Every structure is written in structure tokens, then in C-alpha cells.
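For reference, the structure discussed in these notes is given below.
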Amino acid sequence: MLREACCESSPFPVQSPASQTAQSPPQKNVMKERLISLIESALDTLIDDGTLPADAKRPVQIDRTRDKSHGDFATNIALMLAKPAGMKPRDLAEKLIAALPSDSAVAKVDIAGPGFINFFQADDWLTGLLESALADDFLGIGRPEQPQTVVVDYSSPNLAKEMHVGHLRSTIIGDAVVRTLEFLGHTVIRQNHVGDWGTQFGMLLAYLEEQKAEEGERELSRELANLETFYRAAKQRFDESDTFADRARALVVKLQSGDDYCLNLWAEFNQVSLSHCQAIYDRLGVSLTPSDVRGESAYNDDLAQVVADLDSKGLLSESQGAQCVFMDAFKNKEGEPLPVIVRKADGGYLYATSDLAALRYRAGTLQADRMLYFVDQRQALHFQQMFTLAKLAGFVPEQTELAHMGFGTMNGPDGRPFKTRDGGTVKLIDLLDEAEERAYALVKEKNPQLDEDALRTIARSVGIGAVKYADLSKNRSSDYIFNFEQMLSFEGNTAPYLLYAYTRVASVFRKAELDMASVSGDFLLNEAAEQALAARLVQFAEVLQSVADKGQPHLLSAYLYDVAGLFSSFYEHCPILSSEDEGIRNSRLKLAALTARTLKHGMELLGLSPLERM
RNA sequence: GCGCCUGUAGCUCAACCGGAUAGAGCAACGGCCUUCUAAGCCGUCGGUUGCAGGUUCGAGUCCUGCCAGGCGCGCCA
């Protein structure tokens with residue numbers, strides 16, 4: 001049951017970010033850095049002339065404003081320094097502004113409210129950013145000076161069963177972050193840490209063996225077509241027959257000791273199970289491939305060494321027959337030291353042991369600078385222990401960032417864990433089927449004139465996209481309520497709304513028989529709707545950077561929803577093709593082209609499939 | 001018992017390192033299609049951010065204590 005907490009009895013699971021390590025450096029923003037150095041220079045001036053005490057210098061905070069009337073960026077530096085300077089914040093702000101070096105990127109500087117300094121960026125600075133985004137394959141996103149190698153552990157289903165809704169969040173969120181990291185220029189190594197090893201495989205192999213003898217290969221493939229049924233049948237045999245159960249236990253031992261016959265049987269089972277997973281990935285448009293699979297079994301040969309190394313580092317102690325590591329930071333229910341058990345009294349290894357082996361492999365062989373684990377929030381304590389221990393034992397260098405990107409549970413409309421009507425686990429395949437069917441009905445209702453192929457294509461993009469987007473648009477660490485009606489709605493922050501916004505842009509160019517790449521002329525941003533859209537478009541890079549830093553794709557969702565809304569507003573208020581003035585027409589076409597590319601790239605990073613028409 | 005987490009509008013969700021008037025969508029109500037896809041746009045209504053203190057120029061955000069709920073806590077994964 002790797003990566004899957006026992007989820008039967010947990011209607012309201014934990015919702016915490018609980019990443020124990022520091023985040024990578026703050027996102028770069030050229031304008032921010034520029035303003036910071038201007039402010040620092042002004043501070044130096046005021047310190048030199050004695051207005052400010054010599055120890056007044058501190059990190060300058062500068063943020064984007066929420067309200068356009070406050071300019072584009074604001075700093076609270078005058079508020080922070082007012083007390084040490086013994087001045088009123090607004091008076092200090094005034095002196096700071098007077099001391100600011102002039103800069104062509106800054107059009108205006110204001111004092112507002114209690115003493116905020118607001119910066120208005122110059123129009124030609126903005127249009128310069130727009131031009132460079134439009135001219136660049138990466139939409140103006142610079143390449144990192146030091147690309148990182150990031151190992152991302154995600155999806156990681158249990159191969160004993162079919163994928164169910166519990167695997168959705170890890171798979172989708174992990175994939176969106178992976179795509180974003182790659183787009184930003186980092187090297188990503190996907191690790192699908194599947195659960196392909198453990199006692200339950202004895203039961204499955206025993207049943208597989210039995211079925212092969214009784215039914216022959218053809219029936220067998222039919223039987224395996226539904227892994228859930230197969231698992232249940234095996235479990236039933238295990239429970240009702242002692243001889244079967246004994247055989248199952250014997251098979252586990254043989255399997256783990258490397259018996260060829262067992263390994264072949266095991267490989268056969270896993271191949272079928274993995275092909276089911278891959279079919280889901282393909283259907284979902286998830287970038288995982290068979291070569292990303294490195295399951296629990298891959299670490300089997302390392303487990304003894306992991307324990308031996310812990311021992312040689314003096315970390316290991318025996319408790320009630322088990323090999324344990326006790327760390328001061330972790331206490332149990334009696335307030336006594338809480339062990340990480342790495343070897344059971346019967347000699348068997350555990351989940352923790354293979355995770356330690358994986359950590360060492362990822363740091364050593366894969367040379368990870370950073371490791372991200374997209375695993376259920378309920379395993380927060382486990383990962384805290386693993387990360388602390390891996391560094392303590394020297395399996396992972398101190399400077400490597402280890403982060404558990406935990407996520408909450410997907411609940412049904414009643415706020416309880418999402419289940420079938422009779423309380424069973426919802427298979428992912430069934431969920432996706434229903435999403436596509438619902439989308440198909442909706443699309444057909446809107447556009448009955450479309451042919452079957454077009455309907456199916458649109459329904460796939462909308463249906464699958466809706467399911468993914470519903471997840472990706474929410475804060476990862478919270479639980480969320482899964483609701484088909486809401487996610488398939490054409491209104492609000494949904495996949496259909498975003499997809500539709502893109503088709504409207506695409507349609508402008510189709511109508512005009514123009515190539516998006518061939519837009520020309522200068523940006524002329526006179527209308528409020530144009531300015532608002534433009535100002536938001538140039539923020540793409542910093543949004544992606546924060547998605548990569550925090551592992552929170554909903555930041556990108558929110559951004560794209562915002563861009564789509566600003567475009568829709570622009571589209572209503574600013575005629576593009578019918579504009580009389582050629583300069584304005586060209587400018588609007590350029591804005592539309594950059595919007596289209598931003599929306600398209602953004603949606604693709606989230607794993608949606610944008611459509612040219614719908 | 002100890003630890004972690006959550007509580008924001010009737011509902012579903014936002015709110016960047018503590019910043020300015022807590023934002024969207026749905027629902028309700030009212031406008032806009034002879035003009036680039038109305039799957040759209042514009043507007044109105046809706047809040048003691050669970051409660052009480054504290055820190056701060058400033059608190060949904062930090063601290064303390066309550067209330068409600070969830071999750072985790074020795075040989076499962």
C-alpha cells in the first residue's frame with residue numbers, strides 16, 4: 001500500500017502544508033529588483049546625510065499592489081523605518097522619494113495611505129516587456145542561471161489494485177508542477193514510486209497461479225482486466241482457505257528471496273497492472289511513462305545496506321526485537337521517544353526502509369538538488385521523520401531541499417470522502433468516463449451542429465480538463481469538494497471557461513486569416529481594459545516561479561482565470577478586427593496574440609488540452 | 001493524553017514575507033446579442049474572517065487561551 005495511507009476511517013483528513021524545508025530562493029522579478037536597488041540607494045543617501053541612523057538599513061520589501069490606483073508596486077519601507085528614524089512615516093516617505101535616483105522604467109512615485117510608497121511603471125517599460133515576451137519562445141521567461149535537478153515523486157499507486165480517486169490529486173498536481181519546473185528550465189526526474197512489493201503480493205500471486213491452472217491464459221487476461229475484482233477474489237480465497245493462505249505466505253518468502261518462478265509470476269502481474277496505470281495516464285494527459293516507474297521493489301536489494309549503514313553511524317538501536325532509530329524531535333503518545341522502525345522483529349523491512357533507500361538513491365545516483373513528494377497530507381509525520389533521518393544519516397546532503405507537498409482529501413458533495421453510492425472506492429476510470437459523458441451531453445446541447453468526431457474531441461478536452469482543473473485550481477493542502485456540475489460549469493474558475501476564452505482569441509485570428517506569429521506594429525494601450533490585460537500578461541514568469549517554488553499549481557490557475565477574464569473584458573470593450581485605426585488594430589492583435597500564447601502555454605502546463613474551437 | 005492541521009458571504013473557493021476598502025464564481029435581482037463564438041460582458045445584493053485576549057503604525061495572516069471538527073502517534077503502507 002505504498003504512498004496510500006489507510007484511508008478507510010478518515011472523513012476529515014489533515015490539511016497542512018507541513019513542508020519541513022526552506023523554499024528555493026524567492027522569485028526573480030526584474031522590475032522589483034530594480035526598484036529595490038533604487039530604494040536602497042535612497043536609504044544610503046539618507047543614512048549618509050544623517051536623516052536615518054546608520055543601522056536603519058534592512059531588507060526592502062516590495063510587492064505588487066492589489067489595487068491599480070496604488071500603482072504597480074508598493075513598498076512599506078517608510079512605515080518600517082519610521083520608528084527607528086523618529087519620523088512620521090509620510091515625512092520619511094517624502095524624503096525617500098526625494099532621494100530616489102531617477103529611472104526610465106518608473107513613471108511616477110506617490111505616497112499613499114499611512115506611508116506606502118507607490119511606484120507606477122512607465123508605459124514604454126511595460127510595452128518593452130510585452131514585446132520581449134511576444135518575441136520569445138518562453139514568453140520572456142529567462143533561463144535559470146543555475147538549473148536544478150529536481151526529483152519529483154508523484155502518482156505512486158499501489159499495483160495490487162486499480163487506480164482510484166485517491167490517486168488523482170498526487171498524479172495531477174505532481175504533473176503540473178513537473179511541467180512547470182521543466183518549462184522554467186530545470187531538469188526534472190519523475191519517480192513513480194509504485195507499490196509493487198509487500199505481503200499482499202503473495203496473495204495475488206497465489207491466486208494468479210491458481211487461475212492460470214484452472215482457466216488458461218485467455219480467461220486470465222479477462223480476469224485481470226478488472227484488477228479490483230481480481231483483488232477481491234484473491235482476498236476472498238485468502239480468507240476462506242487456510243491452504244491458500246499458507247501458499248500465499250510461502251510465495252511472499254520465495255518472492256523476496258528471489259525465486260525465479262515467483263519473480264516471473266510477479267512481473268507478469270505487474271506488467272498488466274502497470275499497463276492499466278499507463279492507460280489512465282494517457283487518458284489524463286499526464287506526462288508519466290513506463291520509464292518513470294521505479295517502485296518499492298527496486299530498492300529491495302538496498303534495504304539490508306540501509307539498516308547496516310544506520311547501524312554503523314550509531315543511529316540504530318533495538319527495541320522489543322525490532323531495529324529502530326530514535327530521534328529527539330519525535331515523541332510518541334506517552335511523550336517517550338518515537339522510533340522509526342526500519343526492520344521488524346521477524347526480519348522484514350518496512351515502508352520507511354525503502355523510503356530511506358529511495359532518498360539515498362535520489363541524492364546519490366540521481367544527484368537531486370531538490371526532492372518533492374506529492375503524497376497525502378496524512379503522511380506528514382512519516383516524511384518529517386524520513387527527511388530528518390536521511391540527513392542525519394548522511395544519505396542526503398544537508399543543502400538538498402526535501403519537501404513533502406502534502407495534499408488534502410477529495411470529498412463528495414456531502415463533504416465526506418468521495419465514494420460510490422454503495423460506499424465503495426470510486427475507480428478513476430469510471431470517474432473519467434462519467435466526466436466525458438457529462439461533457440459530451442453539455443457540448444452537444446450547446447452545439448448540436450458539430451459532427452460526432454468534433455463532439456468527442458471537445459468532450460474529452462472539456463471533461464478530463466474539468467476534472468483536472470477542479471483539483472488544480474484549489475489550494476493543494478486543503479480538502480476539496482468534488483462536484484461535476486460545478487467543474488463543468490461554463491461560468492467561474494473552471495476548465496470550460498478557460499478553454500472557451502482561448503477559442504475566442506483563436507477565432508479572431510482564424511476570422512482575420514492571420515497568423516498569430518505575424519502580428520506587427522507597436523503596442524498602443526489607451527483603454528483601461530488594454531492596460532489591465534497587458535499589466536497582467538507580463539506577470540506570467542513570476543507566477544510560474546512561485547508555482548515551482550511552492551508546488552502550488554492553483555497560483556497558475558488563478559492567474560490564467562484572471563487573464564481570461566481580463567481578455568473577455570477587453571474583447572467586449574475593444575473591437576479588434578473592426579477597429580478603424582490600423583495602429584490600434586495591430587496593437588490589439590498583438591495583445592490578443594500574447595494572450596493566446598499565455599493562455600495556451602499556461603493551460604498546457606496545467607495539463608489541459610486547449611482547443612482551437614469549441 | 002501528546003502532536004499536527006482546519007474553521008473566511010447561504011454554497012464552492014481566493015487573499016504573495018503581517019499591509020491600504022477581505023476578493024471571485026454560484027445562487028438571488030437588473031441590464032447588454034443587425035458588430036471578432038452570449039460557453040460572454042456590465043451592474044446590484046451578500047462578511048463581527050469560530051470565540052476572547054495580546055503583539056504591532058497596521059492582524060484573516062503572528063502569540064496565548066477557549067470552542068468545533070479532522071488527521072497522526074512501535075514493528076501497515
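Throughout, protein chains are lettered first and strands after them, A, B, ... in sequence-line order, and every chain is numbered starting at 1. Computed from a predicted structure; not experimentally measured.
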Is the positively charged end of A/Arg536 above the ring of A/Tyr559, judged by distance under 6.0 angstrom from the centroid and angle within 45° of the axis? no
Once salt bridge (Lys or Arg N to Asp or Glu O under 4.0 Å) is applied, do any residues pair with A/Asp67, and if so which ones, sequence neighbours excluded? none
Please list, one pair per line, the donor and acceptor atoms closer than 3.5 Å that link side chains of residues 571-580 of chain A to other protein atoms, with sequence neighbours excluded.
unit_1: A/Glu572; atom_1: OE2; unit_2: A/Arg504; atom_2: NH2; d: 3.3
unit_1: A/His573; atom_1: ND1; unit_2: A/Ser569; atom_2: O; d: 2.8

When you compare B/C41 with B/G3, how far apart are their P atoms, in angstrom units rounded to a whole number? 49 Å
Can you tell me if A/Arg343 touches the phosphate of B/C75, counting only side-chain N or O atoms and a distance under 4.0 Å to OP1 or OP2? no
Taking only side-chain nitrogens and oxygens of A/Lys344, does any of them come within less than 4.0 Å of OP1 or OP2 of B/C76? yes
B/C41, syn or anti by chi within 90 degrees of zero: anti
Checking all strands, does A/Ile481 fall into the base, sugar-phosphate, or nothing category for heavy-atom contacts under 4.0 angstrom? sugar-phosphate
May I ask you to evaluate whether A/Arg504 reaches the phosphate of B/A38, defined as a side-chain N or O under 4.0 Å from OP1 or OP2? yes
Rounded to whole Å, CE of A/Met487 lies from C1' of B/A39 at a distance of 17 Å
For a quick check of understanding: with a heavy-atom distance under 4.0 Å over all strands, which category does A/Pro89 fall into, base, sugar-phosphate or nothing? nothing
Pairwise C1' distance for B/A27 and B/C63, with rounding to whole Å: 39 Å
So what does A/Gln486 touch, heavy atoms closer than 4.0 Å: a base, only the sugar-phosphate, or nothing? sugar-phosphate
Test for a donor-acceptor pair under 3.5 Å between the base of B/A20 and the side chain of A/Asn118, counting only N and O atoms. yes
Look at all strands and tell whether A/Ala82 reaches a base, only sugar-phosphate, or nothing, counting heavy atoms closer than 4.0 Å. nothing
What nucleic acid atoms does A/Tyr480 come within less than 4.0 Å of, heavy atoms only: base, sugar-phosphate, or nothing? sugar-phosphate
Phosphate-side-chain proximity, A/Tyr571 and B/C42, N/O vs OP1/OP2 below 4.0 Å: no
Answer yes or no: does a side-chain N or O of A/Lys474 lie under 4.0 Å from OP1 or OP2 of B/C13? no
C1' atoms of B/C13 and B/G47, separation to the nearest Å: 15 Å
Which part of the nucleic acid, if any, lies within contact of A/Asn447, taking any heavy atom under 4.0 Å across all strands shown: a base, the sugar-phosphate backbone alone, or nothing? base
Dot-bracket, RNA chain B: Watson-Crick or G-U, under 3.5 angstrom, [ ] crossing, | other strand? (((((((..((((.....[...)))).(((((.......))))).....(((((..]....))))))))))))....
What nucleic acid atoms does A/Glu491 come within less than 4.0 Å of, heavy atoms only: base, sugar-phosphate, or nothing? sugar-phosphate
Would you say A/Tyr480 and A/Asn475 are linked by a side-chain donor-acceptor pair, where the criterion is simply a distance under 3.5 Å? no
Tell me whether A/Asp581 at atom CG has more than 12 heavy atoms from other residues, nucleotides or ligands lying less than 6.0 Å away. yes
Looking at A/Asp376 and A/Arg378, is any side-chain nitrogen of the basic one under 4.0 Å from a carboxylate oxygen of the acidic one? yes
Just checking A/Ala558: base, sugar-phosphate only, or nothing, at a heavy-atom cut-off of under 4.0 Å? nothing
When you check the glycosidic angle of B/G54, does it come out syn, meaning within 90° of 0, or anti? anti
Under 4.0 Å, counting only non-hydrogen atoms across every strand here, what does A/Ile576 touch: a base, just sugar-phosphate, or nothing? base
Just checking A/Ala352: base, sugar-phosphate only, or nothing, at a heavy-atom cut-off of under 4.0 Å? nothing
Check: A/Asn493 side chain, B/G25 base, donor-acceptor under 3.5 Å: no
Heavy atoms only, 4.0 Å cut-off, all strands: where does A/Leu381 land among base, sugar-phosphate and nothing? sugar-phosphate
How is A/Ser319 classified with respect to the nucleic acid when contacts are heavy atoms under 4.0 Å: base, sugar-phosphate, or nothing? base
Is there a side-chain contact between A/Arg476 and A/Met405, using heavy atoms and a 4.5 Å cut-off? yes
Taking syn as a glycosidic torsion within 90° of 0 and anything else as anti, which one is B/C57? anti
Looking only at the side chains, is there a donor atom on one of A/Asp196 and A/Ser297 sitting less than 3.5 Å from an acceptor on the other? yes
A/Ser568 near the nucleic acid: base, sugar-phosphate alone, or nothing, with a heavy-atom cut-off under 4.0 Å? sugar-phosphate
Most 5' of A/Glu612 and A/Gly113 on RNA chain B, judged by nearest nucleotide: A/Gly113
Between A/Asn475 and A/Thr199, just flag the one whose closest nucleotide in RNA chain B comes earlier from the 5' side. A/Asn475
